[in-house]
Colleague: 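I have a structure here, written as structure tokens, and I will follow up with some questions on it.
All of these numbers come straight from a predicted model, not from anything done at the bench.
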Amino acid sequence: METQHQRLLIIDFGSQVTQLVARRLREANVYCEIHPYNRVDANFLKSFAPQAVILSGGPASVTDPDAPRPPAELWELGVPIFGICYGQQVMMDALGGKVESGHHREFGRAYVEPTGAHRDDPLFHGLFEKGREEVWMSHGDRVTRLAPGFEVYGTSPGAPFAIVGDPVRRFYAVQFHPEVHHTPNGRILLRNFTRLAGFTGDWTMAAYKDEAIRRIREQVGDKRVICGLSGGVDSSVAAVLIHEAIGDQLTCVFVDHGLLREGEAEEVVTMFRDNYNIPLVHADESELFLSALEGVSDPEEKRKTIGRLFIEVFERHARAVGDVEFLAQGTLYPDVIESVSVSGGPSVTIKSHHNVGGLPEKMGLKLVEPLRELFKDEVRALGRELGLPERFIGRHPFPGPGLAIRCPGEITREKLAILRRADAVFIDQIRKHGLYDEIWQAFVAILPVRTVGVMGDARTYDYACALRAVTSVDGMTADYYPFTHEFLGETATRIINEVNGINRVTYDITSKPPGTIEWE
Ligand code: XMP
């Protein structure tokens, strides 16, 4: 089925920040998709039928004969086009302007002013209220002659063609990056472009929910679907959405690997089976996993053991559900964006992530991925729209291998029990102090050392633990959270008093990089 909303196409030329363009547009209630330049040909343009196009930045130089370029048909589509940095250069180069290679590199903050003739242009609605706008420049090449039909809309001291436009064709281009944080009003500029391209801002979660439900019904028909529930936001939202679409044709399989947090398994079961009446298989496989992990202390071996068993167990339970044709997954948009590889080389594996890749082919299942167009915060908005409780929606991420990777060294049932208690106290402290939503992720790791302490008059010889709490936007980089000393002191006291088995508490103040968020 065709999607109902207006669509904007972002052509990616390999900028590090292309995803931010999409974020800014989605915030302006515009539906957009990112596609790499080498996948966008005339046929693609025809089938995608964008109502406007944005050309991203990128590391190449259009003065290079092999530089990435959009297909010539793009300029004949008759829709508004907006070029950013490299996108501006590609536009000028293709339409008869001139770009020169960089003796004049420009990085960092600059101030743009509108030219008199265009001060009141709809592109500038709500902008330049204080005369000039701060923008972020990052380019080597620059445009030295405009293509015919273009006029200068804005200049900066270092960039005579900071903003240019052809009002007849509605082609616009900027030398700076409006999508980044450092261009504070860049989002307004992008929004204005979409509005003058005729976008009404029809991308809302309420509308999307109805559309997604219709699409699921159409894809699945009267067949049956299984969904692996982890208790995390993505799989929970996917499950509730699919249940709304097809009711009891959906069965959820919740594999409890014995590495969940305190009360987590009960919470998932209560929520889905009891509150939502979603058919749910609660597979308590903790014995299987914990026995397989006995004696394993290498982090990669832990991850691989858990990943392999998870697939085996999931497959067994899924087959037991009976005649199923589809597997639902909570895949998100950032996982499906095909990025232009700038370096070309394969990136190094830091950690083997836990996923069920390969399972659908093996079981002959088709995939239902109702979240694959959404960013994480949109998934949360959809969850709210579906009435999921805030406690579920706002949850910190939790890794697939669970507590196994928060228990460096050998995993024992004893250590897991201590870790669960300590983690619950830490999270309780964070909630009580109203800090939960400011923190990307917080947890306790139990360390594989015992230390000497004194409680009352007696000597203790118990485990040490580390508290970890970080802020982050996407988990790719992170900073440790700056708790007050009072908070840390109070938390340490509570953990030592309330958790048998821990007599020393430390706080991990490593950022990522060089650390990672999890300990393994
Ligand atoms: P690291 O430790 O690599 O973690 O800085 C980044 C984010 O990813 C989560 N994480 C995982 N999530 N399966 C997952 O679903 C995994 O195997 C996995 N390992 C780490 C981690 O919790 C953090 O949010």
Side-chain angles (χ1 to χ4, degrees), residues 8-18 21 34-45 48 50 52-107 110 112 115 118 123 135-156 158-179 189-190 193 197 339-342 344:
L8 186 147
L9 170 65
I10 299 170
I11 302 182
D12 182 23
F13 292 102
S15 158
Q16 301 288 330
V17 289
T18 305
V21 180
I34 301 173
H35 291 272
Y37 74 91
N38 50 1
R39 294 296 164 83
V40 175
D41 57 16
N43 282 336
F44 178 90
L45 288 174
F48 190 94
V53 177
I54 292 184
L55 310 175
S56 86
S61 169
V62 289
T63 59
D64 178 345
D66 298 328
R69 287 166 216 281
E73 291 81 359
L74 173 71
W75 315 109
E76 308 302 326
L77 280 182
V79 303
I81 303 177
F82 191 94
I84 296 173
C85 196
Y86 181 78
Q88 181 191 48
Q89 294 154 18
V90 144
M91 187 187 282
M92 287 305 117
D93 187 64
L95 300 176
K98 194 165 169 55
V99 176
E100 277 177 17
S101 211
H103 308 293
H104 184 94
R105 300 166 78 79
E106 195 183 10
F107 293 94
V112 173
T115 51
H118 292 289
L123 188 66
V135 301
W136 186 256
M137 294 279 184
S138 170
H139 59 95
D141 293 359
R142 58 189 289 192
V143 174
T144 52
R145 194 185 68 228
L146 289 182
F150 279 82
E151 299 162 19
V152 177
Y153 277 56
T155 60
S156 79
F161 301 132
I163 308 175
V164 301
D166 172 345
V168 177
R169 285 183 286 185
R170 291 182 299 167
F171 290 174
Y172 303 90
V174 297
Q175 197 164 346
F176 53 89
H177 284 272
E179 69 276 31
L189 185 67
L190 289 171
F193 167 70
S339 53
V340 176
S341 165
V342 177

Colleague: For Ser138 versus His177, what's the shortest heavy-atom pair and its separation?
Modeller: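 Taking every non-hydrogen atom into account, O-NE2, 3.9 Å.
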Colleague: Counting N and O atoms only, with roles assigned by atom type, does the side chain of Ser56 sit under 3.5 Å from a partner on the main chain of Thr18, one being a donor and the other an acceptor?
Modeller: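 Checking the backbone N and O of Thr18 against the side chain of Ser56, no donor-acceptor pair under 3.5 Å is found.
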Colleague: A side-chain contact here means heavy atoms from C-beta on lying under 4.5 Å apart; do Pro50 and Leu77 qualify?
Modeller: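 Side chain of Pro50 against side chain of Leu77, heavy atoms only: contact under 4.5 Å found.
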Colleague: How far does CG of Leu45 sit from NE2 of His35, to the nearest 0.5 angstrom?
Modeller: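 Separation between the atoms: 10.5 Å.
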Colleague: Do any pairs count as a salt bridge (Lys or Arg N to Asp or Glu O under 4.0 Å) and have a residue in residues 164-179, sequence neighbours left out, and if so which ones?
Modeller: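 Salt bridge (Lys or Arg N to Asp or Glu O under 4.0 Å) check on residues 164-179 returns Asp166-Arg169.
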Colleague: Could you work out, with ring-ring contact (aromatic ring centres under 6.0 Å, His included) as the rule, every residue matching Tyr153, not counting sequence neighbours?
Modeller: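 Expected list: His118, Tyr172.
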Colleague: Nearest 0.5 Å please: distance from the CD1 atom of Ile81 over to the CD1 atom of Ile11.
Modeller: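 So the CD1 of Ile81 and the CD1 of Ile11 are separated by 7.5 Å.
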Colleague: With heavy-atom distances below 4.5 Å as the criterion, would you say the side chains of Pro160 and Val152 are in contact?
Modeller: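 When only atoms from C-beta onward are counted, Val152 and Pro160 do not touch, as no gap falls below 4.5 Å.
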Colleague: List the residues meeting side-chain hydrogen bond (donor to acceptor under 3.5 Å, both in side chains) with Thr144, not counting sequence neighbours, and say none if there are none.
Modeller: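 Thr144 satisfies side-chain hydrogen bond (donor to acceptor under 3.5 Å, both in side chains) with no other residue.
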Colleague: With a 4.5 Å limit on heavy-atom distance, are the side chains of Pro68 and Tyr86 in contact?
Modeller: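 Sidechains of Tyr86 and Pro68: in contact.
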Colleague: Can you name the closest pair of heavy atoms from Ala162 and Gln88 and give their distance?
Modeller: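 Shortest heavy-atom contact: O-NE2, 4.2 Å.
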Colleague: Going by salt bridge (Lys or Arg N to Asp or Glu O under 4.0 Å), name the pairs with one or both residues in residues 66-95, residues two or more places apart or in two chains.
Modeller: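 The answer is Arg69-Asp93.
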Colleague: Under the side-chain hydrogen bond (donor to acceptor under 3.5 Å, both in side chains) rule, collect the residues that match up with Thr155, sequence neighbours excluded.
Modeller: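 Once residues adjacent in sequence are excluded, Thr155 has no partner under the side-chain hydrogen bond (donor to acceptor under 3.5 Å, both in side chains) criterion.
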Colleague: Set out, in order, the CA-CA distance, both residues' side-chain angles and the distance that settles side chain to side chain contact (heavy atoms under 4.5 Å, CB included) for Val143 and Gln89, then state yes or no.
Modeller: CA-CA 6 Å; Val143 174; Gln89 294 154 18; 4.2 Å; yes
Colleague: Please report the closest heavy-atom contact between Phe193 and Ile54, naming both atoms and the distance.
Modeller: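 Nearest pair, atom of Phe193 first, then Ile54: CE2-CG1, 4.0 Å.
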Colleague: Tell me whether the rings of Phe13 and Tyr37 are parallel (<30°), tilted (30 to 60°) or perpendicular (>60°).
Modeller: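 Because their plane-to-plane angle is under 30°, the rings of Phe13 and Tyr37 count as parallel.
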Colleague: Return the CE to CZ distance between Met92 and Phe161, rounded to the nearest 0.5 Å.
Modeller: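 The CZ atom of Phe161 is 9.0 Å from CE of Met92, to the nearest 0.5 Å.
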Colleague: What pair of heavy atoms forms the shortest contact from Leu95 to Ala147, and how long is it?
Modeller: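 The answer is O-CB, 3.4 Å.
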Colleague: Locate the shortest heavy-atom distance separating Leu55 from Trp75; write the atom from each residue and the value.
Modeller: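 Heavy atoms of Leu55 and Trp75 come nearest at CD1-CH2, 3.7 Å.
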Colleague: Considering only heavy atoms from C-beta outward, does the side chain of Val40 approach that of Pro70 to under 4.5 Å?
Modeller: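 They are not in side-chain contact.
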Colleague: Could you pull out all residues at least two apart from Gln175 that satisfy side-chain hydrogen bond (donor to acceptor under 3.5 Å, both in side chains)?
Modeller: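 By the side-chain hydrogen bond (donor to acceptor under 3.5 Å, both in side chains) rule, Gln175 matches His139.
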Colleague: Roughly how far, to the nearest 0.5 Å, is CZ of Phe82 from CZ of Phe171?
Modeller: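 Separation between the atoms: 13.5 Å.
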Colleague: Can you tell me how far apart CG (Leu190) and CG (Leu8) are? Round to the nearest 0.5 Å.
Modeller: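 The distance works out to 9.5 Å.
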Colleague: Do you know the tightest heavy-atom contact between Cys85 and Gly57?
Modeller: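 Closest heavy-atom pair between Cys85 and Gly57: CB-CA, 4.3 Å.
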